[in-house]
Each structure stands twice: as structure tokens, then as C-alpha cells.
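Only one structure is covered here, and it is reproduced in the block below.
Letters A, B, ... are given to chains in the order of the sequence lines, protein chains preceding strands, and every chain is numbered from 1. Below, all heavy atoms of this structure are taken into account, side chains as well, without hydrogens, waters or symmetry copies.
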Amino acid sequence: MSDRGRSLAHAGAFMALLALAAMVSIPLDSRAYCSGYMHTLLLDAGLNIMLAVSLNLILGIAGQFSLGHAGFYGVGAYAAMLVAGHAFAPQIIFLCGRLGLPVAAAFGCVMVLSLVAAVAAGMLFGWIVGLPTLRLRGDYLAIATLGFGEIFAIFMQNWRYVGGATGQDLFTERQNWFAAHRHSALGRAVEYYNMHYSLSVFWVFAGVALVIMLVRNIKYSTTGRALLAIREDIVASEAVGVRTTRLKVLAFVLGAAMAGLAGGLLTQFATLDPNGFRFMRSVEIVAMVILGGPGSISGSVLAAIGLTLFPEYLRSSRMLQHFGAAHGLEIQKFRMVIYALAIILCMLFRPQGLFGQYEITDVWRWLKRKVGFGKVSTIDAADAAPPAAVTESAPSGAAATPLVAPTEISGHELEVAAAEVSGDEFVAARPGGGNRLLDARGLGMSFGGLRAVDNFSLTVDAGELLGLIGPNGAGKTTVFNMLSGVYTPTDGQILLQKNSVNGWKPSRLSHAGLARTFQNIRLFAKLSVLDNVRIAQHAQHKQGLGAALLRTPAFFREEAATRQVALELLELFNLRQVALAPAGGLSYGDQRRLEIARALATRPRLLLLDEPAAGMNPTEKRQLMDLIHRIRQRFNLAILLIEHDMTVVMGICQRILVLDYGKTIAAGAPAEIRTHPAVIEAYLGRPTAK
Amino acid sequence: MTFFNRRNFLAGAMFLGAGLLAGCHRASVSPSAASVIKIGSLNSMTGDESTFGKSCNSGIRLAAEQQNARGGLLGKKIRIITADSESSPSKAQLAVLSLIDNHHVVAVLGDVASSNTKAAVPRCQKARIPLITPASTNPNILRGDDYCFRTCFTDTTQGKWIARFARHDLHATRAALLVDTKQAYSTGLARVIRAEFTRLGGKILLAPSYQSGDTNFQTQLTQIKAAHPQVVFLPGYYGDVTTILQQARELKITVPFVGGDGWDSQKTLQIGGKAVDGCYFTNHYDPSDPAPRVQKFVKAYEARYHGNVPDAMAVLGYDAANLLFNAIKRAHGTGEPALRNAIATTKNFPGVTGNITINKHRNAIKPGVVIKIEHDKFVVVKHEKP
Amino acid sequence: MMVTQQLINALNVGSEYALIALGYTMVYGVLRLINFAHGDVFMVGAFVGAFTARALEGGMSAGGHLQLSQTLWQAGVGLLVAMVVCGLLGWAIERFAYRPLRNAPRLSSLITAIGVSLFLEYMAEISWHVGGLRYFGSTPTYFPPIAGSNHGVHVIDHVLHARVIYKDLITFGVCGVTFVLLWWIVRHTRMGKAMRAVSISFDASRLMGINLNRVISFTFILGSVLAAVGGCLVGLRNNQAQPLMGVMPGLKAFIAAVIGGIGNIPGAVVGSFLLALVETLVASITIHGVSLSPYRDAVAFLILILMLLVRPEGIFGKAVPEKV
């Protein structure tokens, strides 16, 4: 299928869903087939699905623990109430009446307006709340968002215009406006309509379809992968160029907007009550997400349905009542106790949530593989990305230029190369000089009273391979952290290609061509190897969130292209066959190499490697040296290397800097360093005077 | 992937099973048997308001049991079906719908809390099922809904009684008002008290507030003490009221506190102890009234419910249920407009809380009393006319 | 003086929060789990205290005014029984609801915590009648007070011109003693040392031969015992126990613990008093005749959020720079 076809198919699927919702809603809206009770229950379940799925975007996918989701739900509900229940709604309805429009159209018009207001209010409040608070981590964020929810409820409770503690409902409001017009024909028509109006389940089902579609499309796009990366490891995400703050706020605003929509729909059929948007309601939504499996949309949907229906099932189950009567128990008395127990038991039975992190489609695939029907290939079909995007291997348009020509690499070739070249040849292979990439002058870093690095200067030219060594605690990693933007140096200046980059965030530095690895490997352990690399390509994506949401042809094209590039990169590192395995399950050496691959995917000009050979055996080390050499040539990179292993450092570095107690004690070619007295003293200690 | 092991299947089956059963429970509900009259009791059995909801439900059930013991209604037994509104308007909406649609009740009695009743009213109105709220005093909850009735006085009436009593009988001109902003009951009543007291020439010096569920009220009370009011209005529920009064007395606020029917419970005396002495509240009836209809009810209630003394909600539920039975008798059935009309034309129905007449606004016209708490007893000090 | 009085009020509220917050913070420190059921253990404590005191009252006197010694005995035994029962409850909650999930994602145990919280609340709303007495139920249960504990302390009245009653003194005293005891346990006993070790690293502690389960159980028991003390104090102060009495104080105490730097014991105490002070301050402000008290919690929350933005790790929490 072409990208255009895929895009059309996607839009078609959505339309088909809406059409299905419309068709189902006809019998469901008719009292003959569906009682008012079931109708309201369906609406409630729908709203809970919307809330759970939207919170899943924030909590499950982006990993931000919000305990104020009900607050956004309330914001939407009250915004809709202000538009539909007060303000100018009566005038609109009367105006429509005068214009000869049917009353239903007038009501519909007000409803749509109020829903727009609800979404806008949700977004606005999501932004206001998210912008400052998303800097907070974990439970502190939970408290801040919880605070927002409570503040909102308290203000509504004291605002008489929207009913205060009594609450307010649209039906009564409308009844009250038109009481005065009971004698005009229009007034009667409106009153009659109001009396018989009930929100069609179509609107809620459409809302559910929209929310699920939106969150799904975000989840399987570069934005979604970046959000998952934030959940896994925020420091590493920044380092590979993910603008974490912006994305977190984005997820928060979108989640809040969807909760607002749910609130707007609630206003159309229920009484608003400030206490319904408090802490306990937020907790209920969190429970849905966690019970379903954080990150799993299908799980949220199912858990939301379960938690809505279960207490109602207990309310009306004849079976339970008979059981209770037979054992002399008044089962109704224990209804909510059973509900609470069910929550505990579900969690104990499935700690990772009903669906874990999988989706219903994954289960389908698993079944297919298990039962063995249909054709299942390993790498190209089982990826979590929309299956359609995977089956076609060649990118149809070159949205991103391939990093590596596919034919060039093979493991064998690497080994041969490693056997051929010796250390000295490496040095000779690439003379230094040329254009200056990095210029750090007089860097200093203090932690409290501790001076970790003092007056450190360093230059790196394009294509240069530089080593940074020193005993444990010398400040090497601190230097890396300053250069890569994790720390802002207390003194000194860093110039990257002549731009001062002091205080830049790691993501911005990454965009400027600087990549790094970490001493203690920081992969996105739960994500696949392939996704680890694809997340690092985040900055190269030209198609924005809009394209991802609408699934435009360009989006599919770009997804396929970046995927191709990622696979080629993995090929180069001998990791293609494990592309779909979770990164945390790889062997140590593979993890190290994957981290380098991930750093390369950001297309750096300067690569900072922090102890890449740590924990490797001599053979692996030799392979690594060779790999470093090769990637430097292929990608035309400058590399700054921290390493303890002297054979590695002396073997491949052109220039070496030695750090001890935060100070540079020596600099020069490997041969000079090897005999430098200060270096020997730093490593071996001062020769005792006789 | 180890997605489906035995445990996972169990959990999944629990979820799905619950969903499926809930989906098809409608089929399992038999059509209303001809031999019983089903009446819904919509009350909070769980949550903040459950103490009132349970009392009201007990009163309703007692009325039905007594009626059944007398041979039922029109030759049929009465069956009370309780639906838990979980102290939440959105659940009250579902609960009332389950009564109407699943249990096919002929009428609904409830809810106690005004905000829950407000959520239930449109549903009963649309379904043309009469709803009688025994105890929701907020005047705004049933404006245009001609299927919904109230058998207690409204906050407007009660608030005026409270304000007048403080102004005329206690001769107070300077008052403080302590409101529970979480309860529609309290805010509604406070509004009327403030307006009426001011109209009568009194002055509300300050009106601090609390939220039910708080356990410490000393901050607000310290402020009240500093303002030296002659009386403090406290329209709240007895759980909070007893705590507030104790803390007030501990701070040496000695002036009387005056409240509404939310105070009526034996717990006020037991928990409040000496602290509630000398305070006043308006009520629907006098529980210690020696009149046989009151004493008979109190005795029957105590016998039925483990010696618990009925509170205001219990007696109101009892009266509302009996009024409904009376209307069913007069309507000779539970037909749609007939029953509604019979309730609407109730005149001088002899309830435990006095004679009840339903007016054209579908509210009860009822007398009330002002009770003084004296030496661990409720003493009626004034009778109020409707 | 009104200001002095308000400060004393804040101390009262703060003590109540502190006793609950300590339990929250200890459990969090060791398990990194927000034990939402903690406020409900507090509630159970109040109920058990009330039942015990009521039983003793019924058994030892037939009407008439009870004497100080008698009521003190009732309350004391009630407190002890409540501590024992809540300790067992805390142990059971950990054993059956949290331990099976120790290696699961953190949020999973949060959900069981919420489940346990709901379970306890809903159970407490159901009343049981045994031997003509009602146990639990939505209707408040009477907690027999200590005779004369609502009298003012004259000396303080003279010196500070503010009222402090004996109940206040009991509250402050118990709170102070508990805090010192807790501090001693955590700082100067083997178990305390083990607790501190476990809070830093499960694995390292296990390698050092610490019995993880025992330490965690001990922490839960200790926290629940503290909650029982808090529950009984509030029950004695207000003469009643109710099923939902732990909800708001529990939430507030949780916030206080976070403000103080969750996991930090002095932080929980300081956070509690700070929160109480802010609440009291906001509630006592009147602008142009309009009291801010309806917005007390809202303003308090707002201040706390702002404080978190300035100091995200709480007052006493250490800003641990993430090792990169």
C-alpha cells in the first residue's frame, strides 16, 4: 500500500468508527431497546474511558504522575456549563427559533459551542498548571496537581453563579429560563424539547473514538516514542535531543484538553457537583489507568469499563442477591466493600495491570504466532508501530537520507579490519587541526564546598580523537556533564562551533551536534532496541504532531525512512537481529554498543564517550577500538573519550588530557603522556624519597 | 511473551465476567410482579451522607413493614428497594434510574441531601414517576418539576424561624454565622438566616466557614470569640456541630448557638454533653412529645433497630413513606397521573412530625418547633406555624 | 490575645497532622510507597479506642459522674488496645496487600493502597450489633472523654492571655513523647539502623544480612501504632469516631509529609506544623468583612504548590543531584 493509501485508509477507519457509533447509537438512544439506566451507564462508561485514556497519555506514556485529572474534567464541565447554561445560550436558542431553525438544531449549536469551550478551557488550565509544575518529579508533581484539583473544587463550591455546593444541571437551568416563555409557541417547543432531550450516546462514543485515536496516534509516532523515553529516563532523553519540558507540557495540555472534552459532555446530561471533581475522582481515574496497565490504551479502556460497570453490576445482580439471601447476608450492604476488594485482588493478580504495556493488537499477534496462522516474520511485522507501516521495507520517498549504505557493513569485515590495524596506524590515520569544533575555556564546577573541576580548558577540532584520562574521582565525568549541558559550569565558557553554549539544555546541544554516552549505561530499558535508536532521531523528524495525529502520507513516508535508517545503524553495530528485543535484556557489551548507536542516530559532529570499554573483555575491547575508528571515519566525527583502559586510550587517541583532582595535569600525544612524571605520580603515587 | 498464564486469565475473566453480567442483567430482572407494590428508597448508604441516608432508609422500611403487617396496600405487599446514591449526585442519578428502569418502582422516596435530590429530580420528572424527598430542604431543587414533592419544610421557612427566634426571643442584635461550605444544606440555610436576621435589624458580624470532615474549628471560633457576638448561627450537621460546640466551650464562648434540623440526633446529646447545653435548634417535631403518635413511632423504631433512637431523618423518611401509602390508597392504585395527583392533593395528613399539607408548589406546609437543649434533654420552647 | 490563641490552635492542628504524617513518611522512606490507607488506620484507631473505653465505662460504673482517675484509665487502656489492634492491622495490610507487589511497578501498590483505604472506610460504614451495642457504622460513635480535660489551665491563661485546656496539654505531651521515642528508635536502636539502611537500598541491606521483611513489617507496625495514637487523641478531643474521619486529616498529613521532604522524620513534623500554621493564618484573615476561611484549603494548597516550585525536594529533603 502506498503512503497515500495508508493515510486514506486511516482516515477511512476513523470515519467508519464514527459511522458505527452513529449506527449503534440509534437503537441505544431509543428507550424501547435501551433503558434510561443503561443509557446513562453507557454515557458514564464512555466518559470514564475518555478520562482514563487521556490520563494514560500523561501518566502511562509520559510517566508524569498527575493526581489532578478530575480537576481538568471539572474545568471542562464548568466551562461548558457557563456557555450552555448561562451566558448567551438562551439568546442563541431564541435566535435560532426566530430564524425558523428546528429547536434540535439550536440545542445542537449550543452544545457544540459549549464543547469547544470545554476543550479550550481544559487546554488553558492544562498549560497554566503544567508549565510550572511539570518541573517537579514523582510524588511532588502528584501533590502539586492534587492541589490544583482541590483548589478548583473549592472555588466552584464557593461560586454561587454555578450553583455552589448544590451543583447545577442544564435541564433545570433551561427549564427555568423558559418558564417565563411558556405561553409562546417557541417557548413551548423549547420546553417540550428540553423535557424529552437526552444526550445521544453517539456524542460520547464519538468522543471516545476521537480520544482513543488521538492517543494511539501520538503513542505510535516520534512524539509518543519521545514521551515513552521521558518516562524511562529523562536525562538520557535530553541527551538524545528530546525537548523534555516542552513535550511534557504538550502531553499534559493534550490530556487536559481531552479530559475537558469529557467534562463538556458530562455537562450535557448530568448534574455538576464540585465534590465530583475532587481528589477521590482523580484517584479513581488513576486506578483505571494502573489497573488497565500504564501505557496500554486497550487496558485503560477495559479497566474504565470494568470499574464503571462492576459497582452497578453489584447494585442490580439478582444472582448476588439470591446468594446473599441464601446465606442470611444483606449483600447490598457489602456492595462497595466488594468493589474495594475487587480492586485489591485485580492488582494482586496482575501487578503490571490487565494488559501490562501491551495493546489488544499485540495479543492478537501473540495468538497468531501461538496458533500459527497467518504469516509472521520476526522483525518486519511484530513491531508495535502500525503494522501497515512495516510491511513495506523500502522507503518510498527519501525524507531522511540514509546514514549508511546498506551494503557497506558486515561483522566479518569489521573483524578483519581490527586484525589489520595497529594502534599507531590509528593515530597516523587522521591528523588533527582544521576547523575548531569545541572550545572550552577555564571551566570550573563546584558542588557545595567541593571543587570538582577547576580551570579546565579543552579544544576539539573536527574529526579529532581525543582522550580524557585520570584516576577515579578526577572529575572526568563532571567535565562531560558540563560539556553536554547536564550541569551548567560555575565558571568558564564553552563554545561549540564558535557559539557560546553555556546554560544550554542537553537537548539543544544535541541538536547542535553534540552526542554522548553514559558511564553507567542509560538506555530506555523497557523500549525496544529499535525504538532506542528511533528516539534519538527525534530531532530529524520534520513532520510534527499534526501530521502524526492526522496520519498524513508524509508521516508514513518519514516513519518508514527513519525506521530504515535506524535499522541500518543497528546493522552496523551488529544489533539488527535483536532490534525488537527490549534494550534492558541485551548483554552488557551489546548495551554499550547500542548506546553508541543511539548517540550516532542524533547525527553528531562531536561524540563524547564515557568509558565505553568498561566491563569488556580484551577481544571486545579490540573490537570496540576498531568500531570507534570506523565510525569516526564513516560519520566524520570528532570523538572525546573517557577511558580507564590504557591500551584503548593509548591505542587510538591522537591527543590525551590528564585530569587529577579537577585540574589538568598533563596534555599531549600518547607517547608524551606515557612518560609524563605528573601522570605517573597521579596514577602510581609519589616515589618515596630515600 | 508470557501474556496468558493462569493468573492472568483469572483477572481478565473477572473483568470481562463483570462486564458481561452487567450488560445482561436487564434480562434477568423479572417484570414487576402483580402482587407487590415496589417503592424505591434513594438514599446514601455509603460516603459522607450515609449516616443520614441510613436513618432515612430505616424510617422508610419501618413504615413499609408496619403497613405490610396491617395487610399491605390495596391487597398487595409493599416492597422497598433501596438504591445507594453513594453521597454523590452522579451516582444518585444512576441509582434513581436503576430504580425506575430495572426495578420499575411506582414512586421514589429520597434523597436526603439536596444536591443528590437535585440530580434525581429531572430523571423522575422525565419518567413521570413521583418522587417525594423526605428531607431535602433546599428550596431551589424542585421548581418546575410537577412530579416531585417535598414533605419537610424548606430552608426558607426554617431559616426565617431561626433568625426570628434569635432576634425576637433571644433579643440578639449581633450574631456570627458559621457555615459548612461543602454542604448545600448549610449554605442554603445560611443565606436565608443572614437575609432575615439583617432584615429584622440584626447584624451578622462575621461569617467564617468550615468544610464537613474537618476536625478542628478553633481558628474560626477564635475569630468569633474576638467579635463578641450575642448568638452564633450554626446551620450544620450534628457530627460537626458537636465538635464545634465543644471547641467553642473550651475557648470560653458561652453565648448560645442556634441551628437547624441537622442537629436532631440523640448523638448531639451524647457526644456534645455539657457543651451543647443552652443551645437551640429548629426541628420538625419534638421527639419527647408525649403524644401517642410520636411515642408509638419512637418505640417501634427502637424495637426494630437495636434500641437506636430515631433522628430527624428517620422520622421524616417514615412520614414521607406513610404519606405515599396514603396517596396510593386514595388513588386506588399506582397509575400514572392518579398517584401524582393524589400526592399533590394531600391535606392534613397526620404524620409523626405534624399534619402535612402539600401546597401548590408541591412543598409541605408544616409546623415546626424550636428546641432548647437543657440538661441532656431536648425541650420545646416555641411552636412555629407554617 | 487572638494571635497567641491562633498560634496555639495551629499547634493543636499541627500535632494531629504530625502523628499521621510520621507514619506516612516512615513508610515512604522505607518502601517509597504512599500508603493511602494510613488515614483509615487512624480512623480504626479512634474506633477501637472508643469501643474499649466504652466497654470499661460500662463495666465499672453505673451512671453518675465519672472521676478523673477512672476516665484516665479508660482512655489509657483504650489507647493501648488501639495501638495493639492498629499495629496488627498495619502488619496485615503490609503482609497481604503490599508485600506481594514489592517487586511490581510502584504505582501498582499505590492502587492496592487505595483499595485498602476504600475497604476500611466501607467496612467501617457497616454497623454490627453485638450484645446490644453498636460497633462501627456511619453514625458517630461516642468516645468517652477524660473528665475535666476541657478545663482551662489557669497559669497559661494568666501569662499568655490565651486559653489552653488540659486536652491541649495531653495532645502536645503525647505528640512530643512520641516524636522523641520515634527519634530514639530510628537513631539509636538496631532496628532503627536497619530501617535507615533499608531506606537507602534494599539490595545492599539484604547483602548486609538485614531481614528485609522484618524491617518493613516493623515500619508498618510502628507507623500504624502512631496513627492509632493520633486517632485516639482526635477521638478524645472530639468525643467521637466516624468512618470518614481519617480522609481529610490523612490527605493533609500526606501533604505535610511531602512539604517537609517525604521520607524525612523531622521534616514530617515541621511540615505538619507549617501546614497547620498556613491554614490557621489563611482562615483567620478577613478582608473587607469577607472571611477567607471558605478558601482556606485552596490558599493553603496554593502556597504549598508555590513552595514546592521554589524547593522541589521539600524543606528537609536533600536535593540529591542525580548521578549521571
Side-chain angles (χ1 to χ4, degrees), chain A residues 59 65 132-133 135-148 150-155 157-158 234-235 239 279-280 283-284 286-287 289-291 294 333-348 350-353 447 477 480-481 484 486-487 518-520 522, chain C residues 28 32 34 36 96-98 100-127 247-248 251 254-255 257-259 261-263 294-306 308-309 311-314 317 321-324:
Chain A
L59 174 65
F65 187 13
T133 58
R135 300 192 291 126
L136 300 172
R137 266 183 306 190
D139 302 321
Y140 297 97
L141 176 65
I143 285 288
T145 46
L146 182 158
F148 157 73
E150 293 293 298
I151 291 172
F152 171 76
I154 289 167
F155 272 89
Q157 193 173 286
N158 289 300
I234 193 156
V235 176
F279 169 66
M280 272 324 288
V283 163
E284 221 176 277
V286 171
V289 174
I290 307 295
L291 280 175
K333 228 159 79 169
F334 294 95
R335 174 170 157 253
M336 296 313 280
V337 175
I338 297 172
Y339 170 72
L341 269 180
I343 291 180
I344 300 174
L345 288 178
C346 280
M347 214 68 253
L348 289 181
R350 249 192 100 72
Q352 69 274 51
F447 296 108
T477 298
F480 261 35
N481 285 340
S484 62
V486 177
Y487 300 154
F518 295 89
Q519 186 179 352
N520 45 339
R522 300 189 82 134
Chain C
Y28 188 92
R32 306 266 166 257
I34 304 171
F36 268 121
F96 298 109
Y98 301 154
L101 293 175
R102 198 173 293 159
N103 298 318
R106 257 186 68 206
L107 284 175
S108 305
S109 23
L110 184 81
I111 299 302
T112 47
I114 288 162
V116 171
S117 162
L118 292 177
F119 177 78
L120 291 177
E121 282 166 23
Y122 289 131
M123 275 307 266
E125 278 173 3
I126 299 169
S127 53
V247 177
M248 271 320 268
L251 189 60
F254 168 45
I255 292 160
V258 174
I259 295 310
I262 190 152
Y295 301 97
R296 180 193 67 192
D297 289 357
V299 178
F301 273 122
L302 196 66
I303 291 172
L304 300 176
I305 291 175
L306 293 179
L308 275 184
L309 294 180
R311 224 185 131 71
E313 63 283 345
E322 201 177 353
K323 187 112 174 88
V324 177

Exercise. Closest heavy-atom contact between A:Ala340 and C:Phe119?
Worked result: CB-N, 3.5 Å
Exercise. Minimum heavy-atom separation for A:Leu291 to A:Cys346, with atom names?
Worked result: CD2-CB, 3.8 Å
Exercise. Chain C heavy atoms under 4.5 Å from A:Val289: which part of the residue, side chain, backbone, both or neither?
Worked result: neither
Seminar exercise, completed: The single option from C:Leu107, C:Leu110, C:Thr112 that satisfies side-chain contact (heavy atoms from CB on, under 4.5 Å) with A:Met347 is C:Thr112
Problem set entry | Side chain, backbone, both or neither of C:Leu118 within contact of chain A (heavy atoms, under 4.5 Å) | both
Exercise. Can the ring centres of A:Phe279 and C:Phe36 be said to be less than 6.0 Å apart?
Worked result: yes
Problem set entry | Under 4.5 Å from a heavy atom of chain C, the part of A:Leu141 involved | neither
For this session: Select one option (side chain, backbone, both, neither) describing which atoms of A:Phe152 are under 4.5 Å from chain C's heavy atoms.
Result: neither
Exercise. Checking C:Ile262 against chain A: side chain, backbone, both or neither under 4.5 Å from a heavy atom?
Worked result: both
Seminar exercise, completed: Heavy-atom closest pair (A:Tyr140 atom, C:Gly314 atom, distance to 0.1 Å) is CE2-N, 4.1 Å
Problem set entry | Where A:Ala142 and A:Thr145 come nearest, the two heavy atoms and their spacing | O-OG1, 2.9 Å
Problem set entry | Under 4.5 Å from a heavy atom of chain A, the part of C:Phe96 involved | backbone
For this session: Heavy atoms only: give me the nearest C:Val116-C:Ala97 pair and the separation to one decimal.
Result: CG2-CB, 3.7 Å
For this session: May I ask you to check whether A:Tyr487 and A:Phe447 place their ring centers less than 6.0 Å from one another?
Result: yes
Exercise. Side chain, backbone, both or neither: which part of A:Thr133 has a heavy atom under 4.5 Å from chain C?
Worked result: both
Exercise. Can you say whether C:Ile111 sits under 4.5 Å from chain A via the side chain, the backbone, both, or neither, judging by heavy atoms?
Worked result: both
For this session: Looking only at non-hydrogen atoms, find the nearest pair between A:Lys333 and C:Ser127 and report the distance.
Result: NZ-O, 4.2 Å
Problem set entry | Region of A:Phe480 that comes under 4.5 Å of a non-hydrogen atom in chain C | neither
For this session: Can you tell which part of C:Arg106 gets under 4.5 Å to a heavy atom of chain A, answering side chain, backbone, both or neither?
Result: side chain
For this session: Specify which of A:Ile154, A:Ile343, A:Leu59 makes the most heavy-atom pairs with chain C at under 4.5 Å.
Result: A:Ile154
For this session: Name the region of A:Leu136, side chain, backbone, both or neither, that has any atom closer than 4.5 Å to a heavy atom of chain C.
Result: side chain
Problem set entry | Interface residue of largest heavy-atom contact number with chain A, from C:Ala104, C:Ser109, C:Ala300, C:Ser108, under 4.5 Å | C:Ser108
For this session: Check each atom of C:Ile126 against the heavy atoms of chain A and say whether the ones under 4.5 Å are side chain, backbone, both or neither.
Result: side chain
Seminar exercise, completed: Value for CZ (C:Phe301) from CG (A:Leu146), rounded to nearest 0.5 Å, stands at 5.5 Å
Problem set entry | Engaged part of C:Leu101 at the chain A interface, taking heavy atoms whose separation is under 4.5 Å | side chain
Exercise. Side chain, backbone, both or neither: which part of C:Leu308 has an atom under 4.5 Å from a heavy atom of chain A?
Worked result: both
